[in-house]
Amino acid sequence: MVKIAIFASGSGSNFENIVEHVEQGKLKDITITALYVDKANAYAIHRAEKHHIPVHINEPKDFESKVHYEHKLVDLLQQEQVEWIILAGYMRLIGDTLLNAYEGKILNIHPSLLPKYKGIDAIGQAFNSGDKFTGSTVHYVDSGMDTGEIIAQQQCDISTDDTIETLEDKVKQLEYNLYPNVIAKIVK
Ligand code: GRF
């Protein structure tokens, strides 16, 4: 069994989708040790409770520095013998402490066809761009914002009758297939 931890900051629908894939035997040989959140009010916590997944809540503001915050996370991850970190809506750059401890073993999903539309509001950026399509990208994490090596992408149309909300929904639907597929291939 490969042990993974999932990091989230908000809704956690990708987190829950991965949990359901594990529960349904669609992600074999993977165990989720815990959900790690950096916000005490992240809705993802409720989803974790529903599925009986342990939750670690650590808010960076409660630590002396980012290095101290990430040292705490590395301690917890090592106690749980986590081998891979899966970012799913974790709204924070990963610092050297975590990157050094988990070199080449951190994945992220981003709601655009990178290298287009890095950073926040990627769907809004794509919607307002006049582009005819957008999508989602899974990539390795490095010290930059959505700059790590791309592993896989999936695309969808932006049609003239789309709103931001319908486009968000389309991209999420792509993500619910894309991320588990990549995890199944890469996380070993
Ligand atoms: C996803 O669209 C993901 O690409 C991005 O943040 C969003 C998280 O959504 N990194 P959710 O919290 O999984 O619903």
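Both ligands and their constituent atoms are indexed starting at 1 by order of listing. In this chain, numbering begins with 1 at the start of the sequence shown. Just the heavy atoms: all of them, side chains too, but no hydrogens, waters or symmetry mates, feed the values below.
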Q. Yes or no on side-chain hydrogen bond (donor to acceptor under 3.5 Å, both in side chains) for Ser13 and Arg47, after CA distance, side-chain angles and deciding distance?
A. CA-CA 8 Å; Ser13 70; Arg47 300 188 197 259; 4.9 Å; no

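- Residues Glu23 and His51 are in side-chain contact: their nearest non-hydrogen atoms beyond the backbone lie under 4.5 Å apart.
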Q: Show the numbers, then the answer: is there a side-chain hydrogen bond (donor to acceptor under 3.5 Å, both in side chains) between Ser129 and Tyr117?
A: CA-CA 10 Å; Ser129 68; Tyr117 314 130; 3.3 Å; yes

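- Protein heavy atom nearest atom 1 (C) of ligand 1, with residue, atom name and distance: Glu175 OE1, 3.1 Å.
- Residue Glu168 places every heavy atom at 4.0 Å or more from ligand 1.
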Q. Can you check side-chain hydrogen bond (donor to acceptor under 3.5 Å, both in side chains) on Ser136 and Gln154, steps first, answer last?
A. CA-CA 6 Å; Ser136 180; Gln154 216 168 319; over 6 Å; no

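- For ligand 1, the polar-atom distance check against Tyr176 finds no nitrogen or oxygen pair separated by under 3.5 Å.
- Leu98 contributes atom CG, which lies 9.5 Å from atom NE2 of His71 (distance to the nearest 0.5 angstrom).
- Separation of atoms CG (Asn177) and CD (Glu175) is listed at 10.5 Å; rounding is to 0.5 Å.
- Atom numbering of ligand 1 starts at 1 in the shown order; those under 4.0 Å from a heavy atom of Ser13 are 11 (P), 12 (O), 13 (O), 14 (O).
- Of the candidates Ile18, Leu87, Ile123, Ile109, it is Ile109 that places a heavy atom closest to atom 10 (N) of ligand 1.
- Of the protein's non-hydrogen atoms, the one nearest atom 9 (O) of ligand 1 is Lys172 CE, 3.2 Å.
- The pair Asp157-Lys132 fails the salt-bridge criterion, with no side-chain N (NZ, NE, NH1 or NH2) lying under 4.0 Å from an Asp/Glu carboxylate O.
- Taking any N or O of Gly12, backbone or side chain, at least one lies under 3.5 Å from an N or O belonging to ligand 1.
- Applying the 4.0 Å criterion to heavy atoms of Asn14 picks out, from ligand 1, the atoms 1 (C), 9 (O), 11 (P), 13 (O).
- The closest protein non-hydrogen atom to atom 8 (C) of ligand 1 is Gly89 CA, 3.7 Å.
- Considering backbone and side-chain N/O atoms, Asn108 never comes within less than 3.5 Å of an N/O atom of ligand 1.
- Asp131 and Lys116 are joined by a salt bridge, as a carboxylate oxygen and a charged side-chain nitrogen come within less than 4.0 angstrom of each other.
- With a 4.0 Å heavy-atom cut-off, ligand 1 is reached by the backbone of His110 but not by any atom from C-beta on.
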